[in-house]
Each structure stands twice: as C-alpha cells, then as structure tokens.
Amino acid sequence: MEPEGDDFKPNEPYTHRLRRILDEYPDGSQVLREILQNSDDAKSTEQIFILDHNTYSSNKLFKPELQRFQGPALLAINSETFKERDFSSLLKLADSEKRDQFDKIGVMGVGFNSIYHITDSPTFITGDKYVILDPHEWYYNGGKSFNFVEKNLAESYRDQFNPFIIPCNESRTSPFKKPFKGTIFRYPLRDNDQSDISKKIYKPQEILDMFHKF
C-alpha cells in the first residue's frame with residue numbers, strides 16, 4: 001500500500017509548455033548553469049553536483065511503477081531548505097500562461113525547467129519534505145509532496161530513499177528520522193523515448209561531458 005501525501009499539481013497539464021521552454025533554454029552544460037543560478041538566488045552557500053551511476057533496488061517504493069526512475073541520475077545539492085514561497089514558485093512555473101510572469105515568481109525561475117532536457121520526473125528532499133514532480137501525470141496527479149519525517153516513510157519505503165542516503169549523509173540503519181538541512185534534487189536520466197517533453201535519451205557519459213564543459 002502506498003503512503004498518503006498531498007497532491008502537488010498545477011491547475012493544468014504543462015508538458016506542452018515544457019517543450020516550448022526547452023526550445024528557449026539550451027541543452028548541455030547550460031542546464032548546470034541554470035541549477036547554479038537557482039541555488040545562488042536561494043542564497044545557498046554551496047552547490048554540489050554528483051553523477052550517480054547506480055541502479056537501485058525497487059522492492060519497496062511508493063508505487064511499483066516508480067522503478068523506472070531507480071537508474072542513473074544527476075544529483076544537485078545546496079545548503080538552503082525550501083521555503084513556502086519556493087513551493088509556490090514551482091507550481092506557478094507550470095500554471096503561468098503569460099510568458100512575462102516568469103521573471104516574477106521567486107527563486108525558482110523558469111530556468112529550473114531546463115532540467116527537463118535530461119529527466120521526466122525530478123524528485124527532491126528538503127527539510128521534512130520528499131517531493132515527486134510528474135508533469136506527465138503518469139503516476140501522480142502532477143506531483144506529490146510527502147512529510148517523510150512525520151510518517152517515518154524511509155522505514156516502510158527504504159528503496160525510495162536509498163538514492164539519497166549517501167548524498168544526505170544519512171545512516172543506513174535508521175535513515176531520515178529528522179529533516180534534511182538543505183535541498184537535494186535527483187534527476188533520473190531519461191532512458192526511453194516515451195516522453196511528451198523530449199525524445200532525447202541521456203547516458204551517464206553525456207552528463208560527464210556536461211561536467212567537463214561546465
């Protein structure tokens with residue numbers, strides 16, 4: 001049985017808008033620059049990028065279908081915890097129909113969406129929240145936000161949290177008992193052409209090339 005969580009969904013589907021945004025935001029190392037810019041805007045004092053080559057177990061996930069995202073991923077870690085306005089900004093990125101509103105929505109600027117060049121379903125941990133973004137609405141109604149501390153989710157859904165244990169410096173025996181001081185984004189690399197956002201498949205080597213250029 002999957003855990004309960006709060007819907008994290010914009011008022012309308014936005015895969016078509018993401019395609020247009022990607023046309024305006026370059027692929028390649030520019031994606032890392034956009035991540036760094038958002039981190040700087042959030043007043044973070046550090047930014048860490050990690051290429052995780054691992055494929056993780058899929059026995060204990062929120063939903064069995066999420067196993068497609070347990071493979072290699074780009075991780076981006078900064079020292080600032082999401083504030084309420086940051087969550088609101090993410091929703092407004094998807095809701096806003098007027099292009100001229102994009103520069104007025106807070107630290108999560110439209111450039112954040114450049115990460116959809118490489119992924120279809122970003123996840124992140126910040127404070128006591130675990131968030132899954134699902135713009136295709138494949139498994140969630142746009143996305144889902146979970147309080148992993150209050151509900152002790154890592155105990156029942158260990159495989160969902162395993163990709164975050166080392167970056168979060170968590171104990172393997174009893175992980176995620178307290179909020180994480182910062183934010184860690186995980187971007188599973190797109191490995192098929194089923195996406196309505198982009199058909200480009202990413203291999204770990206391409207992320208390494210992106211690092212070198214950056």
request  = Name all residues meeting the side-chain contact (heavy atoms from CB on, under 4.5 Å) criterion together with D40; count only those two or more places apart in sequence or in a different chain, and write none if there are none.
outcome  = Q37
inquiry  = Just to verify, what does R33 make a side-chain hydrogen bond (donor to acceptor under 3.5 Å, both in side chains) with, not counting sequence neighbours?
reply    = S29
ask   = Of all residues at least two apart in sequence or in a different chain, which pass the ring-ring contact (aromatic ring centres under 6.0 Å, His included) check with F69?
value = none
key: Side-chain donor-acceptor pair present, S58, Q70, cut-off under 3.5 Å   = no
Determine all donor-acceptor pairs shorter than 3.5 Å in which one atom belongs to a side chain in residues 149-156; sequence neighbours excluded.
from : atom 1 : to   : atom 2 : distance (Å)
K151 : NZ     : E4   : O      : 3.1
N152 : OD1    : K177 : NZ     : 3.2
N152 : ND2    : E155 : OE1    : 2.7

task = Find the distance between SG (C168) and CD1 (I77) and round it off to the nearest 0.5 Å.
result = 7.0 Å
query = Where the side chain of D120 meets the backbone of S195, is there a donor-acceptor pair that is under 3.5 Å apart?
reply = no
request  = Dump the intermediate steps for side chain to side chain contact (heavy atoms under 4.5 Å, CB included) on I132 and S121, then the final yes or no.
outcome  = CA-CA 7 Å; I132 299 174; S121 183; 3.8 Å; yes
ask   = In terms of side-chain heavy atoms, does D128 have a donor or acceptor partner in N147 at a distance below 3.5 Å?
value = yes
query = Under 3.5 Å, is there a donor-acceptor pair between the side chain of D52 and the main chain of P72?
reply = no
key: Check: F124 ring centroid to F185 ring centroid under 6.0 Å   = yes
query = Would a distance-only check, ignoring hydrogens and angles, find a side-chain to backbone donor-acceptor pair under 3.5 Å from T123 to V131?
reply = no
query = Does Y187 reach the side chain of Y116, with side-chain heavy atoms less than 4.5 Å apart?
reply = no
request  = Step through it carefully: locate the ring centre of F161, locate the ring centre of Y130, and say whether they are under 6.0 Å apart.
outcome  = yes
ask   = Has the side chain of R19 got a donor or acceptor atom that lies under 3.5 Å from a matching backbone atom of I197?
value = no
query = Would T45 and S79 count as having a side-chain donor-acceptor pair, cut-off 3.5 Å?
reply = yes
query = Checking H136 side chain against D196 main chain: does a donor-acceptor pair fall under 3.5 Å?
reply = yes
inquiry  = Any carboxylate oxygen within less than 4.0 angstrom of a Lys/Arg side-chain nitrogen, looking at D27 and K200?
reply    = yes
ask   = Side chain of Q67, backbone of S57: donor and acceptor closer than 3.5 Å?
value = no
message = Which residue is it: L74, I35, N38, L22? I am looking for the one with a side-chain contact (heavy atoms from CB on, under 4.5 Å) to I115.
response = I35
remark   = With sequence neighbours left out, the residues meeting ring-ring contact (aromatic ring centres under 6.0 Å, His included) with F146 are F62
ask   = Backbone N or O of Y56 within a donor-acceptor pair of the N54 side chain at under 3.5 Å?
value = no
Donor-acceptor pairs under 3.5 Å, side chain of residues 206-214 to any protein atom, not counting sequence neighbours: which ones?
from : atom 1 : to   : atom 2 : distance (Å)
E206 : OE1    : K203 : N      : 2.8
D209 : OD1    : Q205 : NE2    : 3.1

